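These notes are about the structure you will find just below.
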Amino acid sequence: MIQIENLNFTYSGAARPSLSDISLHIAPGQFVLLCGPTGCGKSTLLRMMKPELTPAGERSGRILYNGNEIAANDRLVEVGFVMQNPEQQVVTDRVWHELAFGLENLGVPSDVIRRRCAEIAAYFDLEKSFEKDTNALSGGEKQQLVVASTMIMGCKVLLLDEPTSQLDPIAANRFFLWLEQLRREFGITIVMAEHHLEEIFGEADRVVYMDNGRIRAQGTPAQVAWEMLTAQDTFAAALPTVTRLFFDANTHRDPFVSLREAKGSTEYAQLVEAAKKRLSAASGGAVASRETTAKREESAAVTLSNVYYAYDDRSPSVLNNLSFSIPAGACTAIVGGNGSGKSTLLKVVAGLAPLKKHAGKVKFSGENRADRQRISFLMQDVTTLFTEETVYEEIVAGVKAKVDNGGEGFVENFLKEHGFEALTAHFPQHPYDLSGGEQQMLGLTKLLLRDPQILLLDEPTKGMDAVAKDQLAALIAKKTKEDVTVVLVTHDLDFAALCADYAAMLFRGEILSKERADRFFADNVFYTTHKNRALNA
């Protein structure tokens with residue numbers, strides 16, 4: 001269905017190619033998973049298959065769709081594309097308007113549009129939000145809407161770029177079930193670029209592992225996992241937990257690629273015991289969700305009391321009588337379903353959702369009360385921070401005096417100190433030409449250069465590979481040791497368990513509980529880590 005032959009591509013102004021000698025054939029109805037480190041070329045390769053979204057740059061090689069070569073000015077309605085950031089793809093004011101928009105542009109009769117909108121809303125569970133304003137949707141809800149508005153066009157190929165990055169764990173599992181149902185019922189061909197491999201790796205027909213713009217390996221999930229693990233490839237850290245956890249004790253057979261497959265093995269109980277012993281030995285005798293001990297909560301950096309918040313008079317309250325204290329000098333993770341109010345809570349703390357017309361108080365203690373400007377907020381859409389033409393200009397914007405006083409090499413040394421030295425290779429590029437994970441690094445760099453006392457992070461691991469996540473976890477630990485207060489909103493529960501001191505559950509606009517992160521993730525059924533699931537299933 002799709003043939004890619006000797007494809008090379010270099011972005012305008014880039015020093016090195018983003019794609020080198022890519023050859024790939026995708027059959028009808030296949031599910032192909034693209035994986036690899038941040039910046040390896042996954043998103044660029046996806047965009048090359050959708051000519052309307054092909055970026056500017058120098059290209060050679062061929063891409064064919066059903067035997068016909070794709071030209072840069074072609075329009076392929078049969079090929080649907082879902083971007084990393086749904087904010088960039090939602091174009092209308094209401095949910096049902098968004099569903100109808102593409103069909104209206106194709107001149108589909110209005111009665112057909114109404115019927116298709118009704119059936120797609122039912123299929124994707126959008127009936128309750130059918131009349132909602134799109135700007136009142138959470139990031140995850142917008143992601144679901146974008147997929148639905150793509151599928152309503154009757155596409156035969158679905159290109160997905162990190163589609164679950166803003167979905168909560170339960171919604172992400174439901175989304176994968178939808179994809180499988182689409183394949184089974186309609187024969188849809190799916191090509192997905194994804195960093196979070198836990199739930200999806202074993203479901204792919206073929207895995208394509210990319211690195212530095214090249215295809216390093218491709219084959220069945222088990223074949224690619226075996227190649228990574230036996231070669232001790234750095235990116236093997238991104239493989240599903242069950243694949244890595246049981247591999248050392250089970251090297252005589254193909255790696256497990258899903259928990260379901262592992263539990264179906266007659267060796268499962270023995271493998272669990274062997275894995276527990278190895279983890280216990282490595283951690284000094286304890287197997288926990290988290291590798292460090294939570295700090296003793298001594299004081300609150302921010303206290304929210306009886307907070308109610310709604311975006312307008314027509315909408316119900318997003319936050320409902322919320323009372324919550326944020327420990328100073330610690331990392332607090334806030335988890336919960338899409339639309340539960342997590343991002344709104346961060347906006348209230350940052351002062352971007354003022355409470356003048358709403359009930360409640362936000363109190364800052366100590367230095368924070370007098371110096372509220374030392375709050376830095378990384379939003380879900382990190383591109384809202386970008387105002388300059390190059391990555392380097394973006395970094396120094398607003399802190400030029402600091403950079404000048406720091407002397408030659410200040411920026412490079414700052415990036416290296418914080419684990420973001422990969423950005424130095426992209427200094428001449430436009431920020432929008434970076435991968436999703438690289439954009440997250442750039443946004444964090446801008447915020448950290450301002451020496452925040454309170455750091456608010458909304459889905460910071462979006463687009464990041466396993467190595468980058470470890471670097472970010474180390475950075476958060478470094479900042480909390482410097483008495484910076486970190487509030488982390490995330491659907492990435494493994495990351496939250498790795499770096500948070502405390503965890504809180506937000507449900508229907510209320511904080512239901514807050515406790516030490518290790519206890520929180522160990523006790524939950526769905527909001528827990530993949531390691532806990534594998535060892536306690």
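Computation of the quantities below employed the complete heavy-atom set of this structure, encompassing side-chain atoms and omitting hydrogens, waters and symmetry-equivalent molecules. For this chain, numbers begin at 1 and follow the sequence in order. Everything numeric here is computed off the predicted structure, so don't read it as measured data.
Considering OG1 of T490 and CD of E459, their distance stands at 4.5 Å, rounded to 0.5 Å. Summarising the geometry, atom CG belonging to L322 is positioned 10.5 Å from atom OG1 belonging to T344; distances are rounded to the nearest 0.5 Å. Considering OG of S435 and CG of L442, their distance stands at 10.5 Å, rounded to 0.5 Å. Atom CG of D492 is separated from atom CD of E198 by 9.0 Å, given to the nearest 0.5 angstrom. Distance check, rounded to the nearest 0.5 Å: CG of D161 to CZ of R47 gives 7.0 Å. Within the model, atoms NZ of K462 and NE2 of H195 stand 12.0 Å from one another, a figure rounded to the nearest 0.5 Å.
What you find for A204 and L33 is that their closest heavy atoms are CB-CB, 3.8 Å. Counting all heavy atoms, side chain and backbone alike, M151 lies closest to L158 at SD-CD2, 3.8 Å. P255 and T243 get closest at one heavy-atom pair: CB-CG2, 3.8 Å. A pairwise comparison of heavy atoms in A350 and I375 identifies CA-CG2, 4.3 Å as the closest pair. Taking both residues in full, the closest heavy atoms of P460 and V489 are given as CD-O, 3.8 Å, listed atom of the first, atom of the second, then distance. Contact between S323 and N306 at its shortest, heavy atoms only, is OG-N, 3.0 Å.
No donor-acceptor pair under 3.5 Å is formed between the side chain of N524 and the backbone N or O of F526. Under a 3.5 Å cut-off, the side chain of N532 and the backbone N or O of F521 do form a donor-acceptor pair. Remark: side-chain polar atoms of K142 are not paired, donor with acceptor, to backbone N or O of V90 under 3.5 angstrom. Within the 3.5 Å criterion, the main-chain N or O of G329 finds a donor-acceptor partner in the side chain of T485. With hydrogens and angles disregarded, a donor-acceptor distance shorter than 3.5 Å links the side chain of Q439 to the backbone of P431. Of the possible polar contacts, one joining the D465 side chain to the T38 backbone as a donor-acceptor pair under 3.5 Å is found. The closest donor-acceptor contact from the side chain of D205 to the backbone of F31 lies under 3.5 Å. Checking side-chain atoms of K42 against main-chain N and O of G36 turns up a donor-acceptor pair under 3.5 Å. Under the 3.5 Å distance criterion, the side-chain polar atoms of E194 are left unmatched by any main-chain donor or acceptor of F201. Looking only at distances, a side-chain donor or acceptor of K514 sits under 3.5 Å from a matching main-chain atom of S325.
L472 is not listed as a side-chain neighbour of Q440, based on a closest heavy-atom distance of 4.5 Å or more. Counting heavy atoms from C-beta on, the side chains of R374 and P452 never come closer than 4.5 Å. Annotation: side chain of T383 is in contact with side chain of Q88 (closest heavy-atom distance under 4.5 Å). Between V257 and P240, the closest side-chain pair of non-hydrogen atoms is not below 4.5 Å. At least one side-chain heavy atom of F124 sits less than 4.5 Å from a side-chain heavy atom of V147. At a threshold of 4.5 Å between non-hydrogen side-chain atoms, the residues L345 and V307 do not count as touching. Side-chain atoms of I326 and I454, non-hydrogen and from C-beta on, never get closer than 4.5 Å to each other. Side-chain contact check for L506 versus F324: every heavy-atom pair is 4.5 Å or farther apart.
Judged as a salt bridge (Lys or Arg N to Asp or Glu O under 4.0 Å), and not counting sequence neighbours, the contacts of E199 are R533. For T220, the side-chain hydrogen bond (donor to acceptor under 3.5 Å, both in side chains) partners are Q223, not counting sequence neighbours. Annotation: salt bridge (Lys or Arg N to Asp or Glu O under 4.0 Å) contacts of K342 (sequence neighbours excluded): none.
A salt bridge does not link D494 to K469: none of the charged side-chain nitrogens sits closer than 4.0 Å to a carboxylate oxygen.
Surrounding NZ of K478 are more than 12 heavy atoms belonging to other residues, nucleotides or ligands, all under 6.0 Å away. In this structure, R508 places its CZ atom where only 12 or fewer heavy-atom neighbours from other residues, nucleotides or ligands lie under 6.0 Å away. In the displayed structure, Q232 atom CD is contacted under 6.0 Å by at most 12 heavy atoms of other residues, nucleotides or ligands.
Considering F247, F256, Y209 in turn, F247 is the only one that fulfils the ring pair (Phe, Tyr, Trp, His ring centres under 6.0 Å) rule with W226. Partner of I190 under the side chain to side chain contact (heavy atoms under 4.5 Å, CB included) criterion, out of L159, L179, V157: L179 alone. None of L385, L378, V382 except one satisfies the side chain to side chain contact (heavy atoms under 4.5 Å, CB included) rule with L444; the exception is L378.
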**Request:** Decide yes or no on side-chain contact (heavy atoms from CB on, under 4.5 Å) for Y123 and Q181, but give the supporting numbers first.
**Result:** CA-CA 10 Å; Y123 192 91; Q181 190 171 343; 3.1 Å; yes
**Item:** Full working for side-chain contact (heavy atoms from CB on, under 4.5 Å) between T164 and H491
**Value:** CA-CA 9 Å; T164 63; H491 293 307; over 6 Å; no
**Asked** Hey, mind stepping through L319 and Y308 against side-chain contact (heavy atoms from CB on, under 4.5 Å) and telling me if it holds?
**Response** CA-CA 5 Å; L319 302 179; Y308 291 84; 5.9 Å; no
**I476/L457 under side-chain contact (heavy atoms from CB on, under 4.5 Å): CA gap, chis, key distance, verdict** = CA-CA 10 Å; I476 290 173; L457 305 176; 4.1 Å; yes
